[in-house]
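As structure tokens, the structure follows; a few thoughts come after it.
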Number of protein chains: 2
Amino acid sequence: MTIEQNFFNEYRLMYRPFTNQLNVQLEKYQLYSSQWAVLRLLIDKGPHSLVEIANFMFIEKPSVTRLVQKLGELGYVETVAGKDKREKLVQLTAHGETIVQEIQEHLKPFLEKALAGVPTQDIEIATQVLARICANIHQ
Amino acid sequence: MTIEQNFFNEYRLMYRPFTNQLNVQLEKYQLYSSQWAVLRLLIDKGPHSLVEIANFMFIEKPSVTRLVQKLGELGYVETVAGKDKREKLVQLTAHGETIVQEIQEHLKPFLEKALAGVPTQDIEIATQVLARICANIHQ
DNA sequence: TTAAATTAGTTAGCCTAGGTAACTATATAC
DNA sequence: GTATATAGTTACCTAGGCTAACTAATTTAA
């Protein structure tokens, strides 16, 4: 087994357990991890159109439509007119901003437990590796 | 955004694009990445029962049943009697072993391209980080 | 300046990769 | 010898995407 194969093996092995447990953490906010990813984007980088969200998350437009619809029903986001009549800007509601901050606090111990015993520097290196792969994959 | 949040952000962002492209690579062998993961386990660690595969991959028994059924239809694996009449051991067929080696060669450039520009040492660190998280998550 | 092409978003229906509940058959414990 | 546990299967459900085909608005080009 090469070092590359081993890396991607571990990468894949972690995905389900982590996502499942994250979904459990998010249950009390009626959210799934995919929806949480949208909220994270909005709080970190401000309002975005649906196409922008799709490009950022590397998913297709119809997937974004559903995610945003669900977040809208929960009252966490709202859409406002964009720079032309086609575009919709998605932004957090006041309630949404409060909830996102609450969730971030709620998730903190979970994420810290997941990374327990890992030196900060190693987390940073691993983060850079993942980002680099993402860039490599998209040419 | 904390360093932990940033790590898991990058982790999640990479998942779909990578899996989608891996599935494209595996298309000519009529395999999906989930099925490939089973073949990888069998070639690396020898024959396993369905329950063992489930435990190793952190998925449920019915999911393994389906994966193994599909691999059986393709002629890549076969099941033989286990240590009692309930247990089935899943092992690669002769054809399966040939194919797995062929696929590993086929995937090599793809995986290397994905990790292009990443120092070997950083890959190792990232691999350890992922393995540690996996362990932390399962207590 | 109108016709063709492009872009933002939606709807409908599909797929992968899982999951749970409930079952059968065999094995173990009391 | 009955109760419990274990290996595997079947049926059905869910998350988190996908493509194709559409509408409405905008831009390009003839």
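All chains are named by letter (A, B, ...) in the order of the sequence lines, taking the proteins before the strands, and each is independently numbered beginning at 1.
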Expressed as a whole number of angstroms, how long is the span from [X]:[atom1] to [N]:[atom2]?
X       : N      : atom1 : atom2 : value
B:Leu67 : C:dA17 : CG    : P     : 8 Å
B:Leu50 : C:dA25 : CG    : P     : 18 Å
A:Tyr15 : C:dA17 : OH    : P     : 12 Å
B:Leu31 : C:dA17 : CG    : P     : 10 Å
B:Glu27 : C:dC15 : CD    : C1'   : 13 Å
A:Ile53 : D:dG16 : CD1   : C1'   : 16 Å
A:Phe56 : C:dA8  : CZ    : P     : 18 Å
B:Phe58 : C:dA17 : CZ    : P     : 19 Å

If you compare all heavy atoms of [X] against all heavy atoms of [Y], which two are closest, and at what distance to 0.1 Å?
X        : Y        : value
A:Leu13  : B:Phe56  : CD1-O, 3.8 Å
A:Ser34  : A:Met57  : O-CE, 4.0 Å
A:Ser33  : A:Thr19  : OG-CG2, 3.5 Å
B:Leu115 : A:Asn136 : C-ND2, 3.8 Å

Just to be sure I understand the rule, does [X] reach a base, reach only the sugar-phosphate, or reach nothing, if contact means heavy atoms closer than 4.0 Å?
X       : result
A:Ser63 : base
B:Lys85 : sugar-phosphate
B:Gln69 : sugar-phosphate
B:Thr19 : nothing
B:Lys61 : base
A:Glu60 : base

Once you round to the nearest 0.5 Å, how far does CD1 of B:Ile99 lie from CG of B:Leu31?
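Taking CD1 in B:Ile99 and CG in B:Leu31, the distance rounds to 8.0 Å.
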
Find the distance between CZ (A:Phe58) and SG (A:Cys134) and round it off to the nearest 0.5 Å.
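So the CZ of A:Phe58 and the SG of A:Cys134 are separated by 4.5 Å.
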
With a cut-off of less than 4.0 Å, is there a side-chain N or O of [X] near OP1 or OP2 of [N]?
X       : N      : result
A:Asn23 : D:dG16 : yes
B:Arg12 : D:dG17 : yes
A:Thr65 : C:dT10 : yes
A:Lys70 : D:dG16 : no

Using the closest heavy atom to pick a nucleotide of DNA chain C for each, name whichever of A:Val64 or B:Pro62 lands nearer the 5' end.
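Nearest nucleotide further toward 5': that of A:Val64.
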
How do B:Ser34 and A:Glu87 order along DNA chain C: which one's closest nucleotide is nearer the 5' end?
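The residue whose closest nucleotide sits nearer the 5' end is A:Glu87.
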
On the side chain of [X], is there an atom forming a donor-acceptor pair with the base of [N] - under 3.5 Å, no angle test?
X       : N      : answer
B:Arg16 : D:dG16 : no
A:Arg66 : D:dG16 : no
A:Arg86 : C:dT7  : yes

Heavy atoms from C-beta onward define the side chain here; which of C:dA27, D:dG17, C:dG19 lies closest to that of B:Ile59?
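Per side-chain heavy atoms of B:Ile59, the pick is C:dG19.
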
